[in-house]
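Notes to accompany the following structure.
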Amino acid sequence: METGLSKDVLRVWERRYGFPCPQRGPGGDRVYSADQLVKLKLVCRLVDAGLRPGRILPLPLEALRELAGEEPLAREGGNPVLQQAMRLLTEYRSGELRRELNQAILRDGLYRFITEIAAPLSAMVGEAWTRGEIRIFEEHLFTETLTIVLRGAISQLPGSGRPPRVLLTTLPAEPHALGLLMAEAALSLEGADCVSLGTQTPVSDIAAAAIANRSDVVALSSAGNFPPKMLSEGLTALRRSLPPQVALWGGGAGMGRLRRVPEGVLRLTSLDDVGRALSEWRSQSSQWSNSNLSGGPRH
């Protein structure tokens, strides 16, 4: 059974604890509702972790999710677009999934899409894969579909060419590109001039590209499974390689796992931080320009 529980175990639980409560199908087989299947999967995980069935079976679904350590983003409830997207993904209807996501952009705008749809949906897919609920090819299908959607949306944005000029990439051994694309979308919406190198760029090449491109900011993305020690060392090496006037920003779940951010690196904890970082950079740049025009600060 897809819950990982045998029929005999489920029958014992029915008699002893009153859950689950199946209906009978046309052939007399037990049929479980979608809500019961969700609860049974959580119970199975918690039993595997050492909890007793008698303790957890009477608990409501929300309490089980808290025990399992599930974040709200991973839950089946909430935004109906997320539910529909997950259903289309697991049914391998990639064309319909792409249309659903494109319609969400047209309806809600790109910024709401990346913060309320793309980022939560990426987390849901990643957590579902971790729990074994979807297979690796389904995760790859989702990544490819969302990449196409985001690239198409970014290409439609008017290029304002306003400072800062931002160079986007990831460190070597970081192949995840979705966070990078979402950051590029957020930056482009704020009028920044973005150039993306894609993923897995050597530190020396990032520094060389920043100089050749006359970048004002280098922005890196890192996923949650990127080793913190490797990330810290990469950021430190890159900071030393960049000219001092080039800002270095880091975002993504990997940055959130760092206990200490290297000196000279700005940590962005969410996509909402992008706008604030840009505003601060522009304010400081304007102050610096005005200071130069007036002959420097007066003493």
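Keep in mind that the numbers below use all heavy atoms, side chains included, and drop hydrogens, waters and symmetry copies. Computed from a prediction, not measured in an experiment: that's the story for all the values here.
- S155 contributes a side-chain N or O that, together with a main-chain N or O of G152, makes up a donor-acceptor pair within less than 3.5 Å.
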Criterion side-chain contact (heavy atoms from CB on, under 4.5 Å) on E233 and T236, from CA distance to verdict: CA-CA 5 Å; E233 291 173 350; T236 300; 5.7 Å; no

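- Looking only at side-chain heavy atoms (C-beta outward), L238 and L220 come within less than 4.5 Å of each other.
- When atom types are taken as modelled, the side chain of T90 and the backbone of M86 share a donor-acceptor pair closer than 3.5 angstrom.
- With rounding to the nearest 0.5 Å, the separation of CG in L150 from CG in L146 is 4.5 Å.
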Verdict with reasoning, L268 to L266, per side-chain contact (heavy atoms from CB on, under 4.5 Å): CA-CA 6 Å; L268 306 180; L266 176 64; 3.9 Å; yes

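- Cluster membership check: I134 shares its hydrophobic cluster with M124, using side-chain heavy-atom separations under 4.5 Å among Ile, Leu, Val, Met, Phe, Trp and Tyr.
- In this structure, the separation between NZ on K229 and CZ on R257 is 14.0 Å, given to the nearest 0.5 Å.
- The two residues P20 and W13 come nearest to each other via the heavy atoms CD-CB, 4.3 Å.
- Contact between E14 and P22 at its shortest, heavy atoms only, is OE2-CG, 3.5 Å.
- The distance from the CG atom of L167 to the CG atom of D216 is 11.0 Å, given to the nearest 0.5 Å.
- In the hydrophobic cluster analysis, where Ile, Leu, Val, Met, Phe, Trp and Tyr join through side-chain heavy atoms closer than 4.5 angstrom, V218 is grouped apart from W249.
- The minimum heavy-atom distance between A219 and V166, with the atom names listed, is CB-CG1, 3.9 Å.
- For residues 91-111, the pairs satisfying ring-ring contact (aromatic ring centres under 6.0 Å, His included) are Y92-F137, with sequence neighbours left out.
- In terms of heavy atoms, V203 sits closest to G234 at CG2-O, 4.1 Å.
- Residues R282 and P163 fail the side-chain proximity criterion, which asks for heavy atoms closer than 4.5 Å.
- In this structure a side-chain-to-backbone donor-acceptor pair under 3.5 Å is present from S196 to G198.
- Here the shortest heavy-atom pairing between I211 and P243 reads CG1-CG, 3.9 Å.
- In terms of heavy atoms, P53 sits closest to Y17 at CB-CE1, 4.1 Å.
- Listed for the Q36 side chain is a donor-acceptor partner under 3.5 Å among the backbone atoms of C21.
- For CD of E263, the number of neighbouring non-hydrogen atoms (other residues, nucleotides, ligands) closer than 6.0 Å is 12 at most.
- Linking ILVMFWY side-chain heavy atoms closer than 4.5 Å, directly or via other members, places L82 and L88 in a single hydrophobic cluster.
- The distance from the CG atom of L97 to the CZ atom of F142 is 7.5 Å, given to the nearest 0.5 Å.
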Test log, rule side-chain contact (heavy atoms from CB on, under 4.5 Å), inputs L235 and L258: CA-CA 11 Å; L235 289 168; L258 289 183; 3.9 Å; yes

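- Residues forming a salt bridge (charged side-chain N to carboxylate O under 4.0 Å, His left out) with E144 (at least two apart in sequence, or on another chain): none.
- When the shell of 6.0 Å around CD of Q23 is examined, it contains 12 or fewer heavy atoms from other residues, nucleotides or ligands.
- Distance check, rounded to the nearest 0.5 Å: CG of L121 to CZ of F113 gives 7.5 Å.
- Residues L248 and V195 share a single hydrophobic cluster, defined by chaining ILVMFWY side chains whose heavy atoms lie under 4.5 Å apart.
- Between R93 and R87, some side-chain heavy-atom pair lies under the 4.5 Å cut-off.
- Judged as a side chain to side chain donor-acceptor pair (under 3.5 Å), and not counting sequence neighbours, S94 has no contacts.
- When L181, V274, L271, L178 are each tested for a side chain to side chain contact (heavy atoms under 4.5 Å, CB included) with I114, only one passes: L271.
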Give the table of side-chain donor-acceptor pairs shorter than 3.5 Å for residues 99-108, with sequence neighbours excluded, one pair per line with atom names and distance.
| unit_1 | atom_1 | unit_2 | atom_2 | d |
| --- | --- | --- | --- | --- |
| N102 | ND2 | R98 | O | 3.2 |

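- Side chains of L168 and C194 form a contact here, defined as non-hydrogen atoms less than 4.5 Å apart.
- Surrounding CZ of R24 are more than 12 heavy atoms belonging to other residues, nucleotides or ligands, all under 6.0 Å away.
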CA sep, side-chain torsions, deciding dist, call: I117, R112, side-chain contact (heavy atoms from CB on, under 4.5 Å): CA-CA 7 Å; I117 303 295; R112 284 190 61 189; over 6 Å; no

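- Taking R276 as the reference, D273 meet the side chain to side chain donor-acceptor pair (under 3.5 Å) condition, with sequence neighbours excluded.
- Sorted by first then second residue, the side-chain hydrogen bond (donor to acceptor under 3.5 Å, both in side chains) pairs that include residues 164-184, not counting sequence neighbours, are R165-D193, T169-T201, E174-H176.
- In the hydrophobic cluster analysis, where Ile, Leu, Val, Met, Phe, Trp and Tyr join through side-chain heavy atoms closer than 4.5 angstrom, L59 is grouped together with L40.
- Looking only at distances, a side-chain donor or acceptor of R267 sits under 3.5 Å from a matching main-chain atom of M255.
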